[in-house]
Amino acid sequence: MATAEPEINSNSCKSEEDNSEQTDLEIVSPESYIKHPLQNRWCLWFFKNDKSKTWQANLRLISKFDTVEDFWALYNHIQLSSNLMSGCDYSLFKDGIEPMWEDERNKRGGRWLLTLNKQNRKYDLDRFWLETLLCLIGEAFDDYSDGVCGAVVNIRTKGDKIAVWTTDYENRDGITHIGRVYKERLGIPLNLTIGYQSHADTATKSGSTTKNRFVV
């Protein structure tokens, strides 16, 4: 008894292949090629203390970024703070604000200041600095994020420092809110305090320390 060979419809096979290819294309998500914009453009600055040059000549703009992906590309490309030589700084500021007291947005402001000892450099410095950066670019300070100018990490033999700079030291509500959020994000215990100093007080101090305008 003869059996008929099954018919192969070439058009049907081709249609299935086309559908498969089309399905594969649809799986690609826009997330894979669209960058995630930040609310502000940020500038990363590097300072190296060369005593043969002026302070401004030692300050160098490294890069600007305004997306999440570009931030991580930059952060993963540069040295960790703990690997910098003593006398070096990193500064992250909003585009248009330079990391110096004299800048129009800074001169009536101040900073929340953390002072770290040598033990902190090993365990906390890089973690604290990264969390500081994420607070800034993520606008972590709610309605008061507009009052944040930037942040600085100073690498020093006597003790490293990290500071968040704000634009107006008289804005008590905004400053204390920023300080509380910042302290919580860093995981600093409640029994330890951090202080806020105005740039004007720091510039005119007579001793080695500057009085705190606020503490949290």
Side-chain angles (χ1 to χ4, degrees), residues 42-63 71 74-94 97-103 105-107 109-137 148-167 169 175 178-179 182-183 185-189 191-216:
W42 296 87
C43 301
L44 184 69
W45 302 77
F46 176 70
F47 177 87
K48 184 177 182 181
N49 189 21
D50 182 346
K51 293 181 179 179
S52 66
K53 299 179 181 178
T54 64
W55 188 91
Q56 286 189 310
N58 283 325
L59 184 65
R60 182 164 59 91
L61 176 63
I62 297 176
S63 185
F71 163 73
L74 175 60
Y75 181 81
N76 291 326
H77 183 71
I78 61 176
Q79 288 281 356
L80 291 172
S81 300
S82 59
N83 291 333
L84 296 179
M85 294 172 53
S86 180
C88 293
D89 304 339
Y90 279 138
S91 301
L92 184 75
F93 277 72
K94 290 174 180 173
I97 306 176
E98 295 190 336
M100 57 186 69
W101 297 339
E102 297 85 357
D103 189 280
R105 287 286 303 278
N106 294 327
K107 64 183 182 182
R111 59 181 181 170
W112 281 107
L113 180 64
L114 296 175
T115 302
L116 310 175
N117 58 34
K118 292 181 179 179
Q119 194 75 359
N120 290 127
R121 180 178 295 183
K122 182 177 180 181
Y123 295 107
D124 294 327
L125 177 62
D126 293 328
R127 178 172 64 87
F128 280 1
W129 177 239
L130 176 56
E131 191 61 39
T132 302
L133 299 178
L134 296 177
C135 282
L136 265 58
I137 68 171
V148 172
C149 299
V152 182
V153 58
N154 310 117
I155 306 304
R156 301 293 185 269
T157 303
K158 292 182 179 180
D160 307 317
K161 296 178 181 179
I162 298 176
V164 172
W165 288 30
T166 74
T167 191
Y169 69 76
I175 289 169
I178 290 167
Y182 185 48
K183 182 178 176 180
R185 285 286 296 262
L186 295 184
I188 296 174
N191 62 326
L192 297 179
T193 62
I194 59 174
Y196 181 90
Q197 305 167 353
S198 75
H199 296 320
D201 289 342
T202 304
T204 58
K205 67 181 179 181
S206 56
S208 59
T209 57
T210 304
K211 68 177 181 179
N212 291 323
R213 294 266 180 159
F214 311 106
V215 294
V216 294

### Residues forming a salt bridge (Lys or Arg N to Asp or Glu O under 4.0 Å) with E98, sequence neighbours excluded
none

## Note on the structure
Looking only at heavy atoms, the pair that brings Y182 and C135 closest together is CD1-SG, 4.5 Å

### Task
Evaluate the side-chain proximity of I137 to L133: yes if any heavy-atom separation is below 4.5 Å, no if none is.
no

### Query
Looking only at heavy atoms, what is the nearest atom pair of Y75 and D126, with distance?
OH-O, 4.3 Å

### Query
Would you call V153 and T132 a side-chain contact if the rule is heavy atoms closer than 4.5 Å?
no

### Summary
Closest non-hydrogen contact found for C149 with T166 is SG-C, 3.8 Å

### Message
One pair to check against side chain to side chain contact (heavy atoms under 4.5 Å, CB included): L59 and M100. What are the steps and the verdict?
### Response
CA-CA 10 Å; L59 184 65; M100 57 186 69; 4.0 Å; yes

### Query
Does the S198 side chain pair with the main chain of G110, one donor and one acceptor, at a distance under 3.5 Å?
no

### Query
For the atom pair OG1 (T202) and CD (Q197), what is the distance rounded to the nearest 0.5 Å?
4.5 Å

### Rounded distance (nearest 0.5 Å) linking atom CG of L125 with atom CG of D160
5.0 Å

### Message
Within the 4.5 Å heavy-atom criterion, are I194 and L113 side-chain neighbours or not?
### Response
no

### Query
Is any side-chain heavy atom of V164 closer than 4.5 Å to a side-chain heavy atom of L114?
no

## Note on the structure
Hits for side chain to side chain contact (heavy atoms under 4.5 Å, CB included) against S86, two or more places apart or cross-chain, chain-then-number order -> T157

### Task
With sequence neighbours excluded, tell me which residues meet side chain to side chain donor-acceptor pair (under 3.5 Å) with Y90.
none

#### Entry: Straight-line distance of I78 CD1 to L84 CG, nearest 0.5 Å
8.0 Å

### Task
Take V152 and N154, measure what side chain to side chain contact (heavy atoms under 4.5 Å, CB included) needs, and give me the verdict at the end.
CA-CA 6 Å; V152 182; N154 310 117; 3.4 Å; yes

## Note on the structure
In terms of heavy-atom contacts, W55 and P99 come closest through CH2-O, 3.5 Å

### Query
Considering residues at least two apart in sequence or located in another chain, which fulfil the side chain to side chain contact (heavy atoms under 4.5 Å, CB included) criterion with N83?
Q79, L80

### Query
T54: what forms a side chain to side chain donor-acceptor pair (under 3.5 Å) with it, not counting sequence neighbours?
none

### Query
If you measure from CG on D124 to CG on L186, what distance do you get to the nearest 0.5 Å?
9.0 Å

#### Entry: Polar side chain donor-acceptor pair, D201 to T210, under 3.5 angstrom
no

### Summary
Residue pairs meeting ring pair (Phe, Tyr, Trp, His ring centres under 6.0 Å), one or both in residues 111-135, sequence neighbours left out, come to W112-Y196

### Task
Not counting sequence neighbours, which residues clear salt bridge (Lys or Arg N to Asp or Glu O under 4.0 Å) with D103? List them please.
none

### Query
Quick one: side chain to side chain donor-acceptor pair (under 3.5 Å) partners of K211, sequence neighbours excluded?
none

#### Entry: Note, V148 side chain near L136 side chain (heavy atom, < 4.5 Å)
yes

### Task
Walk me through it: do W101 and K107 pass the test side chain to side chain contact (heavy atoms under 4.5 Å, CB included)?
CA-CA 5 Å; W101 297 339; K107 64 183 182 182; 5.8 Å; no

#### Entry: Audit row: R111, H199, side chain to side chain contact (heavy atoms under 4.5 Å, CB included) steps and yes/no
CA-CA 7 Å; R111 59 181 181 170; H199 296 320; 4.2 Å; yes

### Message
When you compare the side chain of L134 with that of R185, does any pair of heavy atoms fall below 4.5 Å?
### Response
yes

### Message
By the salt bridge (Lys or Arg N to Asp or Glu O under 4.0 Å) test, which pairs, at least two apart or in different chains, include something from residues 82-93?
### Response
D89-R156

### Pairing residues for N212 by the side chain to side chain donor-acceptor pair (under 3.5 Å) criterion, not counting sequence neighbours
none

### Task
Report the residues that fulfil salt bridge (Lys or Arg N to Asp or Glu O under 4.0 Å) with K118, sequence neighbours left out, ordered by chain and then residue number.
none

#### Entry: Rounded distance [0.5 Å steps], CG in N120 versus OG1 in T115
9.5 Å

Hey, can you pull the donor-acceptor pairs under 3.5 Å for the side chains in residues 42-51, sequence neighbours left out?
| unit_1 | atom_1 | unit_2 | atom_2 | d |
| --- | --- | --- | --- | --- |
| D50 | OD1 | S52 | N | 3.0 |
| D50 | OD1 | S52 | OG | 2.7 |
| D50 | OD2 | S52 | OG | 3.3 |

